[in-house]
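Reminder, nothing fancy here: chain letters follow the sequence lines and each chain counts from 1. Hydrogens, waters and symmetry mates play no part in the numbers below; they use all other heavy atoms, side chains included.
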Amino acid sequence: MSINQTNIASLVEGLNQPQRLAVEQAGGPLLVLAGAGSGKTRVLTHRVAYLIAAGAARPHEILAITFTNKAANEMKERIEALIGPIARTMWISTFHAACARILRRDAQLLGYQRNFTIYDAADQVRLVKRCLSDLGYDVKRFPPKGVHANISAAKNKLIDANEFAEMVDGFFDDTVSKAYELYQKKLFANNAMDFDDLLLRTVDLFRRFPERLEHYQNSFRHILVDEYQDTNHAQYTLVNMLGQLHRNVCVVGDDDQSIYSWRGADIRNILDFEQDYPEAVTVKLEQNYRSTQTILSAANCIIANNRDRKNKELWTALGQGETIQIMEAEDEHSEARFVAGEISRMKHEEGFSYGDVAVFYRVNAQSRVLEDILVRYGIPYRVVGGTKFYERAEIKDALAYLQLLENPADSVAFARIVNSPKRGIGIASVATLTRYADAEGLSMMEAAGQAAGIADLRPASARALEDFSHRMSELAEAAAGTPVAEIMDEMLNATGYVEALQAERTIEAEGRLENLMEIVGVAGEYDRRAPGGSLGDFLQEISLYTDIDQLAEEKEVVTLMTLHNAKGLEFPVVLIIGAEEGVFPHSRSLEEQNLEEERRLCYVGMTRAMSRLYFSFAVTRNLYGSRSYNMASRFIAEMPEDLVEVRTARAGRDFRPAHDAAGASPAAFIGEKDPDAFFRVGDNVIHAAFGKGKVTGVEPGGTVAVKFDLDGSERKLMIDYAPIRKA
DNA sequence: GAACGCCGTGTTTTT
DNA sequence: CACGGCGTTC
């Protein structure tokens, strides 16, 4: 079916009035204030399809920006379903990916090579640290992470090192300024960019080479930006630059869901859009198609406590629904047991599936206790975020090797893997080599090739370095035109990386090898998807990749993630845990007077829930190694009493509802008393140390007796502490 | 050069 | 608590 034949009317069929307005608005600036669950994605995709079907733009004249790669892929798929494969020529990506694409083409104009490396957060901090040490600063007084955060904040505001130097105020600033300057120099010397550079350098490119800007201004007839409330100044500037000519800028967002100010996002971007574009048309989407009225009313009440916002009230036709459950637990273990118990009950007694359920928390560390309990209850789950796959040492090593093949100037990649696996090139040798490279104006890789001629190096180190250098150039030669998976496989073997891990013979090394197999698999997938694709393209794709992007709606498992990660998702059942003052709202946000953003975070979390919502809080919890006693989150108090039901599982209270004694049957409190029920006589269990065994007795107080196959011993175990789970 | 262990310290959210 | 930095030992 060609575009011309697409039935335009079908694109607005089934849309409500404001949605339809947003889709049909022909051109000019358009602000879509889209409340949670109001069909925002539908509007965006239909609008794009409509523009094309109506002849307002050709596919390659569309630039659509999303917040994550995952959102970009989804949008691509959905538009393709509407208008066919021609959708593939549209620019649909994140800001960072779009900028990277532009810079790959024109980096030379800025003095970079096109094969520049993109550093991830850890690389960036490491480089800042090196800058600080080089400058002779004490990294204890000036934590690299903090200095990096300052540099990043400046970059997000398009302040370069020179401008920063001029506005220095105080000693710390002065240090940041010096570090910033050197950091930028090193990035350039390594032919590398950090995340912020992708935006900053693109703006720079457009400012210094207006014809490049004109080119893109002309080609992007329509620009659409999703999650506009979370754009930073650099992104804002890019949109304005690109949209200046046609002024067909459509931004979609919800000021109540702005949760990234700590990353430089400026909520004013969306609040001031109508001032920036006086001719703008504004459409409000307030009908929610996701949640029950109870959930929405509670969320509305909470967010109403924020002062600086565009007023809107979500409503739904889905009906009142269930009250919100609030659970008071004794501590984090009890809280976790409650969560696990509820999930189990929903699954076995109420017909929910594990995939229907998500647990949100404020900080990643909170997932640990929960995971522990879930494993013991035999509930399958997956954690989104946290210790990320792409942050694992072995994965970063493997990618650093490839990076070095692609961009031999990259000294960060070089330093990472020059002695990994161990080849006798220690810190001392690397320091000597660095001095030599700096003095001669060489990259580390080049210097390594001349190691034999460096007087200060011990002969053994020099030989090792030359070997390394030869090996790498051999690999580089073999790499040309070879599929990425093959390059990676060859490299892992030729460098002895796999061999070294195999020699370890530990479970941990085993896991690392598995991870390496996985990354080779990812490369293979890339090769299949993009035949003839280059190593550079693969690395770029990976560098902008995050775990959330591959959150496939796979198996039937419970989803665990931070509230930040929850944005844009929806689940029939949501449990928000750790609703305590100091945890959520986070203590640091209270110090920084950033309470409104925490409240928005709460709003985001709540509005993910379709039919059932829980909050839980613990009277006491172990956090950061010490015990703390927290009050229930103020957000709980901000919900109207008639919408919630509070229960307690504190010891000695017999699991009865704290307020509303008539409301709940104590039996519902499976979580707290059910550990016993989860281990029954005859169950097969596995203990981390004693291996397989069978439950021979269950005693009150959470104790079970287990007879172990291995040595025939029978032990009494406290299920709260013993590392056992069902087999 | 590498492995181990001790000490001190900083702990939010991430494209 | 967990990690990084640093010193000691092999």
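Taking atom P on both nucleotides, B:dT13 is separated from C:dG4 by 16 Å, rounded to a whole Å.
Stacking here means ring centres nearer than 5.5 Å and ring planes tilted less than 30 degrees, and by that measure A:His564 does not stack onto B:dT13. Evaluation of A:Trp262 against the base of B:dT12 yields no stacking contact (centre distance < 5.5 Å, interplanar angle < 30° required).
You'll find that the side chain of A:Ala428 is closest to B:dG1, out of B:dG1, B:dT12, B:dT14. You'll find that the side chain of A:Arg458 is closest to B:dG1, out of B:dG1, B:dT14, B:dT11. Of the candidate nucleotides B:dT12, B:dT14, B:dT15, B:dT12 has the atom lying nearest to any side-chain atom of A:Arg362. Side-chain proximity of A:Lys145 to B:dT13, B:dG1, B:dT11: nearest is B:dT11.
Spacing between atom CG of A:Asp123 and atom C1' of B:dT14 amounts to 15 Å, rounded to whole angstrom units. The nearest whole Å value for the distance from the NE2 atom in A:His148 to the P atom in B:dG10 is 19 Å. As a whole-Å value, the separation of A:Asn622 CG from C:dA2 P is 11 Å.
Map A:Phe195 and A:Gly426 each onto its nearest nucleotide of DNA chain B; the residue landing nearer the 5' end is A:Gly426. Each of A:Leu601 and A:Ile425 was assigned the nucleotide of DNA chain B with the nearest heavy atom; the assignment lying further toward the 5' end belongs to A:Ile425.
Backbone-only contact: A:Asn419 has heavy atoms under 4.0 Å from sugar-phosphate atoms and none from a base. Within 4.0 Å (heavy atoms only), A:Arg368 reaches sugar-phosphate atoms of the nucleic acid but no base atom. Here A:Ser429 lies in heavy-atom contact (under 4.0 Å) with sugar-phosphate atoms only. Among the heavy atoms of the strands, none lies under 4.0 Å from A:Phe95.
Checked against the 6.0 Å centroid threshold, A:Phe468 and A:Phe414 count as a close aromatic pair.
Contact annotation: A:Asn364 does not reach the phosphate of B:dT11 (side-chain N/O to OP1 or OP2, under 4.0 Å). A:Asn565 has a side-chain polar atom (N or O) that falls below the 4.0 Å cut-off from OP1 or OP2 of B:dT14. The shortest distance between the side-chain N/O atoms of A:Arg126 and the OP1/OP2 oxygens of C:dG4 is not below 4.0 Å. The side chain of A:Ser589 contributes no N or O atom lying less than 4.0 Å from OP1 or OP2 of B:dT12.
The base of B:dT13 does not come close enough to the side chain of A:Arg588 for any donor and acceptor atom to sit less than 3.5 Å apart.
A:Glu541 and A:Asn69 form no side-chain donor-acceptor contact under 3.5 Å, judged by distance and modelled atom types alone. Remark: the A:Asp226 side chain and the A:Thr66 side chain contain no N/O donor-acceptor pair separated by less than 3.5 Å. For the residue pair A:Asn630 and A:Glu581, no side-chain donor N or O sits within less than 3.5 Å of a side-chain acceptor on the partner.
Side-chain contact check for A:Val128 versus A:Tyr180: every heavy-atom pair is 4.5 Å or farther apart.
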